[in-house]
Amino acid sequence: MSTTTAAQLPPSPYRRTHTCGQLRPDHVGQRATVCGWVNSYRDHGTGLVFIDIRDRFGLTQLVFERESAPQELVDAADKLRGEDVIAATGEVRIRVGGPNPKLATGEVEVVVSTLSVLNKADNPPFAPDDLAALPNEELRLRHRYLDLRRPKMQKILASRHRVTKVARDYFDENGFLEIETPVLYKSTPEGAREFIVPSRVNPGLWYALPQSPQLFKQILMVSGCDRYMQICRCFRDEDPRADRQAEFSQIDLEMSFVQREDIMAMMEGFARRLWKAALGVDVPPIRVMSYREAMEKYGIDRPDLRYELTITDISDIAVRTDFKVFRDALAQHAGAPPYYSKKGVVKAIRVPPGAGGAKLTRKLTDGYTEWVKTFGAGGVPVIKVNDAGGFETGIAKFLDVPGVKDDLVRRLGLQPGDTVLFAADSYSVATKALGELRQKVARDIGLGPEWGKAWEFLWVVDFPMFEKNKDTGKWVAMHHPFTAPRFDQQQAFVDAGVDDEVAIESVVSAGYDLVLNGSEIAGGSIRIHNPAVQSKVFSLLGLTPEQAKEKFSFLLEALRFGAPPHGGIAFGLDRLVMHLCGTENIRDVIAFPKTQTGADLMTQAPSPVTDAQMRDLHVQSTWVPPTRA
RNA sequence: GGGGCGGUAGCUCAAUUGGUUAGAGUACCGGACUGUCGAUCCGGUGGUUGCGGGUUCGAGUCCCGUCCGCCUCGCCA
């Protein structure tokens with residue numbers, strides 16, 4: 001082992017003294033060395049060249065001129081092209097040609113006396129330039145290192161860092177410990193499809209990548225950690241969307257000896273801190289809404305409250321019309337209890353002209369009929385209210401009748417100029433269709449979403465514990481199987497007969513979702529800490545005691561050895577950053593995202609492995625390459 | 001698994017209803033220019049129209065298949 005210290009090593013050819021965003025008039029007269037990428041060059045020939053050099057911190061103008069530099073140096077500057085990596089040393093001075101107010105460093109320039117080309121760049125496939133039109137995303141992803149050089153992307157990376165930094169600070173101040181949990185985990189195939197990993201040393205056995213650290217964080221509470229947080233990676237092998245990736249990040253936490261209000265208050269504090277730190281915005285106290293109210297008024301469990309356009313049930317009025325579509329829909333399961341998913345209902349949205357409803361053209365409303373078919377609805381009947389208060393167009397003739405019209409006007413609060421959109425179908429289809437339509441109408445008439453302008457937070461609570469799967473007819477947990485019934489529902493839940501559908505369906509959980517501008521940004525619950533309650537949940541979900549034991553024995557055991565009441569929540573980090581950065585593309589907030597087919601276009605993952613690797617892992621592929629006809 | 005949109009020069013786009021040698025801006029190359037700052041001016045190189053079939057006198061354009069990307073339904077406890 002040598003005893004040389006760093007200071008004794010031979011001198012390096014250059015040493016950076018300032019970043020490219022740093023120099024100001026205060027530095028005039030100093031010798032500075034800046035390093036970075038050639039952003040642009042302005043070659044005036046015969047001895048005057050300007051180079052804008054870029055790094056993460058900004059742009060600095062370098063000037064090469066024959067009065068102050070040898071011809072070889074000016075010639076070398078002449079050859080510089082975009083994305084060359086250079087180090088330049090020279091004296092800082094006030095710009096001779098006057099300041100450039102667009103740049104933070106725009107009052108000064110560096111008169112270069114020494115230039116090192118550290119890495120000559122090939123002509124790049126695209127320039128990392130926010131002013132030019134963005135190349136297609138495929139190319140951006142393939143050359144991600146170029147795309148990430150763009151100031152906008154650098155800003156997003158920095159914002160993401162700020163979010164995790166604020167999270168660590170905030171939760172640290174509140175007594176949380178950051179604890180890591182395994183990525184190689186046990187397969188528990190409820191919920192999302194899992195990624196699985198074969199075990200080399202245990203032939204035939206597999207790990208799964210966690211959908212979330214759910215059970216580990218609960219075990220950490222049983223372990224006496226009291227408050228846990230982690231910024232963790234989660235994996236769900238489901239098809240991606242604009243705001244969804246198979247591999248994503250959560251700010252995950254769990255607390256002992258708390259009620260749901262404690263967790264909601266803690267998270268509200270975090271959101272408030274974060275919005276203040278990131279945007280300087282004060283988040284007011286967050287409203288709370290029940291799941292039922294959300295579904296009834298907004299047709300969705302994550303209402304966007306930046307605009308009104310609420311949904312109203314008019315089934316009792318619609319049944320008195322002669323409109324066949326209404327009557328046929330209402331005939332389905334007419335005697336069933338409310339909220340029964342198959343029960344026929346008629347619902348309506350009133351769009352007032354002042355809110356932009358005047359922009360609802362015939363062409364738009366005609367298009368809605370086609371559009372709602374993707375949600376299983378048959379169409380969107382429409383009426384308009386004319387200046388005299390009469391109904392026009394569409395199905396007006398069915399509704400502009402005595403005994404119906406006045407009730408509709410009263411129920412919906414109709415005014416001249418209003419447009420009314422209807423849905424007549426089963427409860428679940430009509431609710432979903434109008435919920436989606438409400439958001440589409442808002443976009444079409446310019447009510448929102450306006451990113452970065454308004455922040456409408458909302459807690460949604462009192463979710464049902466269970467819902468019936470449409471296809472299998474089995475109960476599934478609405479949140480996850482470890483969610484506790486609301487504290488006042490525990491006894492009702494324990495007492496509910498396994499076959500008493502109404503009783504089971506009406507049990508409300510201690511879960512809560514945090515919604516921002518119509519997007520779910522966090523979700524959590526108070527957990528079950530009682531083994532009997534947990535066993536009952538498993539049995540309702542169709543797990544035999546043996547299956548429950550095989551999959552979750554560690555949890556059931558832990559719950560028997562002194563489990564504190566506990567609960568937690570997880571923030572979707574990617575979506576949070578999307579909101580804060582005003583992008584609707586989740587790939588923009590992930591440094592190295594994947595495409596819709598799960599490919600990393602830069603590294604070309606996924607890729608084949610060798611037969612030897614497969615043999616080691618005791619696996620074999622059944623996939624056969626398609627033969628070309 | 002289903003539906004939709006897209007793929008033309010390195011990049012961003014154009015190309016009339018199927019009709020001449022597929023154009024423009026930018027980048028790149030060469031030249032001019034001493035105060036620019038998205039420099040400017042002059043000239044030039046650059047194309048398997050994603051790929052494979054088909055229809056046609058003739059295909060970037062129409063048809064079939066396929067690959068890739070995006071949006072979306074299902075899915076995402």
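The chains referred to below are lettered A, B, ... by the order of the sequence lines, with proteins before strands, and numbering in each begins at 1.
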**Student:** Which part of the nucleic acid, if any, lies within contact of A:Lys373, taking any heavy atom under 4.0 Å across all strands shown: a base, the sugar-phosphate backbone alone, or nothing?
**Tutor:** nothing
**Student:** Whole-Å distance between B:G38 C1' and A:Leu59 CG?
**Tutor:** 12 Å
**Student:** Is there a side-chain contact between A:Gln439 and A:Ile300 (heavy atoms, below 4.5 Å)?
**Tutor:** yes
**Student:** Suppose the criterion is side chain to side chain donor-acceptor pair (under 3.5 Å): which pairs have a residue in residues 125-136 of chain A, not counting sequence neighbours?
**Tutor:** A:Asp130-A:Arg150
**Student:** Round to a whole Å and report the spacing from CD of A:Glu137 to C1' of B:C68.
**Tutor:** 13 Å
**Student:** B:A39 phosphate, OP1 or OP2: any side-chain N/O from A:Arg42 under 4.0 angstrom?
**Tutor:** yes
**Student:** Go through the structure and list residues passing side-chain contact (heavy atoms from CB on, under 4.5 Å) with A:Val533, not counting sequence neighbours.
**Tutor:** A:Pro485, A:Gln490, A:Phe493, A:Val494, A:Ile528, A:Asn530
**Student:** Sort out for me which residue in A:His143, A:Arg149, A:Arg144 forms a side-chain hydrogen bond (donor to acceptor under 3.5 Å, both in side chains) with A:Asp147.
**Tutor:** A:Arg144
**Student:** A:Thr188 near the nucleic acid: base, sugar-phosphate alone, or nothing, with a heavy-atom cut-off under 4.0 Å?
**Tutor:** nothing
**Student:** Do the side chain of A:Arg241 and the base of B:C70 come within less than 3.5 angstrom through a donor-acceptor pair of N or O atoms?
**Tutor:** no
**Student:** Is any side-chain N or O of A:Lys102 closer than 4.0 Å to OP1 or OP2 of B:G38?
**Tutor:** yes
**Student:** Which atoms of nucleotides 22-32 of chain B (N or O only) lie under 3.5 Å from a protein N or O atom, and what are those distances?
**Tutor:**
unit_1, atom_1, unit_2, atom_2, d
B:A27, O2', A:Asn123, OD1, 3.2
B:C28, OP1, A:Tyr41, OH, 3.3
B:C28, OP2, A:Tyr41, OH, 3.1
B:C29, OP2, A:Arg81, NE, 2.9

**Student:** Take the protein atom CG of A:Leu48 and the nucleotide atom C1' of B:C33, then report the distance between them rounded to whole Å.
**Tutor:** 10 Å
**Student:** Taking a pair as Watson-Crick or G-U wobble with both distances under 3.5 Å, which nucleotide is matched to B:G65?
**Tutor:** B:C51
**Student:** Base, sugar-phosphate alone, or nothing: which one does A:Phe482 contact when heavy atoms must sit under 4.0 Å apart?
**Tutor:** nothing
**Student:** Pick base, sugar-phosphate or nothing for A:Gly106, based on heavy-atom distances below 4.0 Å to the nucleic acid.
**Tutor:** nothing
**Student:** Using 0.5 Å steps for rounding, measure from the CD1 atom of A:Ile219 to the CD atom of A:Gln214.
**Tutor:** 10.5 Å
**Student:** Do A:His44 and the base of B:G35 stack face to face, with centres under 5.5 Å apart and an angle between planes under 30°?
**Tutor:** no
**Student:** Pairing check on B:U40: which nucleotide meets the Watson-Crick or G-U wobble criteria with it, both distances under 3.5 Å?
**Tutor:** B:A32
**Student:** Please list, chain by chain and in numerical order, all residues satisfying side-chain contact (heavy atoms from CB on, under 4.5 Å) with A:His529, sequence neighbours excluded.
**Tutor:** A:Ala563, A:Pro565, A:His566
**Student:** I want to check one thing: is the phosphate of B:C68, taken as OP1 and OP2, less than 4.0 Å away from some side-chain N or O of A:Thr595?
**Tutor:** no
**Student:** Assuming nearest nucleotide by heavy-atom distance, tell me which of A:Gln211 and A:Leu103 is located more 5' along RNA chain B.
**Tutor:** A:Leu103
**Student:** Between A:Asp301 (CG) and B:C76 (P), how many Å, whole number?
**Tutor:** 13 Å
**Student:** Please enumerate all residues that pass ring pair (Phe, Tyr, Trp, His ring centres under 6.0 Å) together with A:Phe375, with sequence neighbours excluded.
**Tutor:** A:Trp371
**Student:** For B:A39 and A:Ser40 - does any side-chain N or O of the residue sit under 4.0 Å from the phosphate oxygens OP1/OP2?
**Tutor:** yes
**Student:** Would you mind telling me which of B:G1, B:A39, B:U72 lies closest to the side-chain atoms of A:Asp239?
**Tutor:** B:G1
**Student:** Would you say a side-chain N or O of A:Gln596 is under 4.0 Å from OP1 or OP2 of B:C71?
**Tutor:** yes
**Student:** Below 3.5 Å, does any donor atom in the side chain of A:Arg193 face an acceptor in the base of B:C76, or the other way round?
**Tutor:** no
**Student:** For nucleotides 4-9 of chain B, print each protein N/O atom paired with a nucleotide N/O atom at under 3.5 Å, atom names and distance only.
**Tutor:**
none

**Student:** For the pair A:Glu501 and A:Lys468, find out whether any cationic side-chain nitrogen is under 4.0 Å from an anionic carboxylate oxygen.
**Tutor:** yes
**Student:** Quick one: list whatever passes ring pair (Phe, Tyr, Trp, His ring centres under 6.0 Å) with A:Phe571, sequence neighbours left out.
**Tutor:** A:Phe270
**Student:** Give A:Glu83 one of three labels, base, sugar-phosphate or nothing, depending on what nucleic acid heavy atoms sit under 4.0 Å from its own.
**Tutor:** nothing
**Student:** Using a 4.0 Å heavy-atom cut-off across all strands, classify A:Arg93 as base, sugar-phosphate, or nothing.
**Tutor:** base
**Student:** B:U72 C1' sits how many Å from A:Glu370 CD, rounded?
**Tutor:** 15 Å
**Student:** Which part of the nucleic acid, if any, lies within reach of A:Pro99 when heavy atoms closer than 4.0 Å are counted: base, sugar-phosphate only, or nothing?
**Tutor:** base
**Student:** Assess whether one donor atom and one acceptor atom, taken from the side chain of A:Arg236 and the base of B:C76, lie less than 3.5 Å apart.
**Tutor:** no
**Student:** Please identify each residue that fulfils ring pair (Phe, Tyr, Trp, His ring centres under 6.0 Å) with A:Phe195, with sequence neighbours left out.
**Tutor:** none
**Student:** Measure all distances between protein nitrogen or oxygen atoms and nitrogen or oxygen atoms of nucleotides 12-14 of chain B, and list the pairs falling under 3.5 Å.
**Tutor:**
unit_1, atom_1, unit_2, atom_2, d
B:U12, OP1, A:Asn136, N, 2.6

**Student:** Using Watson-Crick or G-U wobble geometry with both distances under 3.5 Å, which nucleotide pairs with B:C76?
**Tutor:** none
**Student:** Pick base, sugar-phosphate or nothing for A:Ser212, based on heavy-atom distances below 4.0 Å to the nucleic acid.
**Tutor:** base
**Student:** Mind checking what makes salt bridge (charged side-chain N to carboxylate O under 4.0 Å, His left out) contact with A:Asp366, not counting sequence neighbours?
**Tutor:** A:Arg362
**Student:** Using the test ring pair (Phe, Tyr, Trp, His ring centres under 6.0 Å), find all partners of A:Phe538 that sit at least two apart in sequence or belong to another chain.
**Tutor:** A:Phe552
**Student:** Counting side-chain heavy atoms from C-beta on, which of B:U36, B:C71, B:C76 comes nearest to A:Arg587?
**Tutor:** B:C71
**Student:** Starting from P on B:C76, measure out to NZ on A:Lys594 and report it in whole angstrom.
**Tutor:** 21 Å
**Student:** Do you know which of A:Ile521, A:Val589, A:Ile156 makes side chain to side chain contact (heavy atoms under 4.5 Å, CB included) with A:Met578?
**Tutor:** A:Val589
**Student:** Map A:Phe50 and A:Glu436 onto RNA chain B by nearest heavy atom, then report which one ends up closer to the 5' terminus.
**Tutor:** A:Phe50
**Student:** Within this structure, what is the CZ-to-P distance between A:Arg142 and B:C70, rounded to whole angstrom?
**Tutor:** 14 Å
**Student:** Whole angstroms only, please: what is the CG-P distance between A:Asp243 and B:U72?
**Tutor:** 7 Å
**Student:** Of all residues at least two apart in sequence or in a different chain, which pass the side-chain contact (heavy atoms from CB on, under 4.5 Å) check with A:Pro240?
**Tutor:** A:Gln596
